[in-house]
Amino acid sequence: MRSALRCFITCCALSSLALAQTKPATPAVTLAATPPMGWNSWNWFAGKVTDKDIRQAADLMVSSGMRDAGYMYVNIDDTWEGQRDANGVLHSNGKFPDMKALAAYVHSRGLKLGIYSSPGPKTCAGYEGSYGHEQQDADLYASWGVDFLKYDLCSFSRNIGKAAPGDEQKQNEMMRAAYVKMHEALLKTGRPIVYSLCQYGDDAVWQWGAQVGGNMWRTTGDINPNFDRISLIGRKQAGLSKYSGPGHWNDPDMLEVGNGKLSLDENRSHMGMWAMLAAPLLAGNNLSMLTPETNAILTNREIIAIDQDPLGREATRIFAEEPVEIWARPLANGDVALAVFNFGGDVTFLRGIRMHLREAGAANGWKARDVWARKDLGRINDKHKFTLPGHGSLVLRLSR
Ligand code: GAL
């Protein structure tokens, strides 16, 4: 009996060892292991962006300290594209005389270069898209030294990927196939290129974005530098956290920090919300007009550490009662990040709000660090008293 039991234990151990040896190891995520950080030309320059602007952005990312804070990708958005030649090879337009030289310049600054295209024949701004030239374009990007591709649906669903009226399923299948096609083309180049899907959250992209090879996917329509729009986008991310993680991120669109007339509180709430959401941090401001205030927000190391936390767990909403919401996320070292947002426009005194520490994964008596104030608050409990201005927020890092 005893030997039978011993055999059972040994056999189990041996077979699980054999299993462990035959099971292929999960490959470590190397591309976009944390949410990509960088800068993108669209929010400020839109269709006017030139080679000079990209070089200047790269220089300023270095001199402002943004690169050293983690901003790595310098991304050219739409309107760089020229015409295809007789062999179908795409050329950049007059605003970008030499892409290879531009990539080399960006790389020489210790940064990476991003580019933009569409699975349709035309991009959103009406420039040449990649339809029918996917591999040729992917090879071209790789030969230039491109490190990131934003692939924007645009004209695809209006013509090429248009199914019979009402056949939504077919239409969605065609869209997914178009994204797979470019993913495979990028893989074939052998160059690690971050793949950013942009189709505005259609067909619940978060459910399949990773399967078609996306390292990130836009979950919404376009952002603009208006706090109502920014907060609406942020709040709409509730429920999406389970879909994102190392290598594949929900993307609530690029940052507007420093653009428009956003106030200090609004800029901080925007940045703090994106960090809680483990969102890609792609600044979209004019870096030649970077103020010390905007720079301090964009390069706040403690906020960035939340965004870039290696556990990669996006925050969930644990409390919502107009105009206040509380979001929380667990961090790799056992800490918890908790953020309280006052989405209302009025100055509101929030003395009555319970902190919801237990729901956040913490507890009464945990230590709190106010991330924007860079101040240790000591041990707090659910009745912690604080006030928030309209559109303001409190971001705490809690530890045992
Ligand atoms: C939009 C996209 C923007 C920008 C623009 C360029 O569809 O959402 O982020 O890329 O196209 O034309």
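One-based numbering, in listed order, for ligands and for the atoms of each.
Using the six-membered ring where Trp is involved, Phe341 and Phe343 have ring planes that are parallel, under 30° apart on the 30 and 60° scheme.
At under 3.5 Å, not a single nitrogen or oxygen of Trp42, backbone or side chain, sits near a nitrogen or oxygen of ligand 1.
Every atom of ligand 1 is numbered from 1 in the order shown, and the set under 4.0 Å from a heavy atom of Met254 is 9 (O). For ligand 1, the atoms closer than 4.0 angstrom to any heavy atom of Ala125 are 12 (O). Atoms of ligand 1 lying under 4.0 Å from any heavy atom of Tyr116, numbered from 1 in the order shown and given with element: 6 (C), 10 (O), 11 (O), 12 (O).
Looking at Asn40, Asp253, Asp152, Asn43, it is Asp152 that brings a heavy atom closest to atom 1 (C) of ligand 1. Of the options Leu282, Ile223, Asp78, the smallest heavy-atom separation from atom 6 (C) of ligand 1 is shown by Asp78.
Electrostatic pairing of Arg218 and Asp253 counts as a salt bridge here, judged by a charged N lying under 4.0 Å from a carboxylate O. Ion pairing of Glu81 with Lys122 is absent here, as no side-chain N (NZ or NE/NH1/NH2) approaches a carboxylate O to less than 4.0 Å.
For atom 9 (O) of ligand 1, the nearest protein heavy atom (residue, atom name, distance) is Lys150 NZ, 2.8 Å. In terms of protein heavy atoms, atom 3 (C) of ligand 1 is closest to Asp222 OD2, 3.6 Å.
Using a 4.0 angstrom heavy-atom cutoff, Asp77 counts as in contact with ligand 1.
Residue Val395 is not grouped with residue Leu311 when hydrophobic side chains (ILVMFWY) are merged at heavy-atom distances under 4.5 angstrom, including chains of intermediate members.
Residues Met254 and Leu282 share a closest heavy-atom pair of CB-O, 3.5 Å. Closest heavy-atom contact between Asn43 and Gly284: CB-O, 3.3 Å. Counting all heavy atoms, side chain and backbone alike, Gly390 lies closest to Asp265 at O-CB, 4.4 Å.
With a 4.0 Å heavy-atom cut-off, ligand 1 is reached by no atom of Ala46.
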